[in-house]
Amino acid sequence: MRTVYVNGDYLPETEAKVSIFDRAFLMADGVYEVTSVLGGKLIDFPGHLARLERSLNELDMKKPAAFDDLLEIHRELVRLNGIEDGLIYLQVTRGSDGDRDFVFPDAETTEPTLVMFTQSKPGLADSPQAKTGLKIISIDDLRWGRRDIKTVQLLYPSMGKMMAKKAGCDDAWMVEDGFVTEGTSNNAYIVKDGKIITRELSNDILHGITRAAVLKFANEAQMVVEERPFTIDEAKQADEGFVTSASAFVMPVVEIDGTALGGGTPGPVATRLREIYLEESLKAAV
Ligand code: PMP
């Protein structure tokens, strides 16, 4: 049984409790982060912490009391659960003032809820999917307009994954006004004539921590990066595709809406970026 963290306490998962009036339960009024663990160490932790702070600020949500201890709590959960490879999920909500109301509760008297738990994923970095690549479908992007805030409103992304599954595919890329925004739980990229193309940062997409690291490593390796929107038609004619996220790192895309990319096998740029990302982020892991 896992040991999880709730508001200052480390508890067996079956004993961890949150109020039925919690704003995240009633209103999806919460934000989250997922940090991967490789070899018992946290990958890109400072980036996840900085984005959490930004998400809280954008929603006028108070920092949890333990904010400054988050690194320590992550490490303690890794230790208590013996995590070698896996994920740490963290969620902060606006808490509960013991009733349901659209109006935010008084932040002076209502403490945020902080919940964290681990997911063990042995061999996380050696995923067999990295060798075969993902098949993607395209779907309309029906989410709200502040996708830069990492909220727990994940119903539409879940529906997107189910649409992909029903179509015999692995994931979906979302399209708005004719252009790809991002994947259901990752940032989206294509490669054409050696150029890496990915949508620029704005409120339309999550500012991926893995995206930031991968683009930095790509620049350092003298690869050309173009930050601009692309269409599904352009993607279908690309040499390669890939996605990035904290849990999948760099994952090749080999098919979009039934059209194979670059012969239907993972391309050299995605494969190389995956190697560089894993190598460099492991070096910087805490
Ligand atoms: N976009 C969306 C919609 C996501 O859910 C995620 C993963 N949380 C990402 C992008 C990738 O972000 P990161 O690299 O920080 O995991």
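As the structure is a prediction and not an experimental result, all values here were calculated from the model. Just so you know, ligand 1 is whichever comes first in the structure, and atom 1 is the first atom listed for that ligand.
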Practice task
Only pairs at least two apart or in different chains count here, so list each salt bridge (charged side-chain N to carboxylate O under 4.0 Å, His left out) that has a residue in residues 114-131.
Solution key: none

Handout entry: Side-chain cluster (under 4.5 Å, hydrophobic types only) that Leu261 belongs to, other residues
Key = Leu134, Ile136, Trp173, Val175, Val180, Ile190, Ile197, Phe230, Ile232, Val243, Met251, Val253, Ile256

Under 3.5 Å: N or O atoms of ligand 1 paired with protein N or O:
from	atom 1	to	atom 2	distance (Å)
ligand 1	1 (N)	Glu182	OE1	2.6
ligand 1	8 (N)	Lys150	NZ	2.2
ligand 1	14 (O)	Ile209	N	3.4
ligand 1	14 (O)	Thr210	N	3.0
ligand 1	14 (O)	Thr210	OG1	2.6
ligand 1	15 (O)	Arg51	NH1	2.8
ligand 1	15 (O)	Arg51	NH2	2.9
ligand 1	15 (O)	Ile209	N	2.8
ligand 1	16 (O)	Ala246	N	2.8

Completion exercise
Residue set satisfying salt bridge (charged side-chain N to carboxylate O under 4.0 Å, His left out) with Asp204, at least two apart, ordered chain then number -> Arg199

Exercise for the section: Mark yes when over 12 heavy atoms from residues, nucleotides or ligands other than Lys41 sit less than 6.0 Å from its NZ; otherwise mark no. Expected result: no

Exercise for the section: For Tyr89, look at atom OH and say whether over 12 heavy atoms of other residues, nucleotides or ligands are found less than 6.0 Å away. Expected result: yes

Problem - Taking every non-hydrogen atom, the tightest pair across Thr231 and Gly178 - result: CG2-O, 3.4 Å

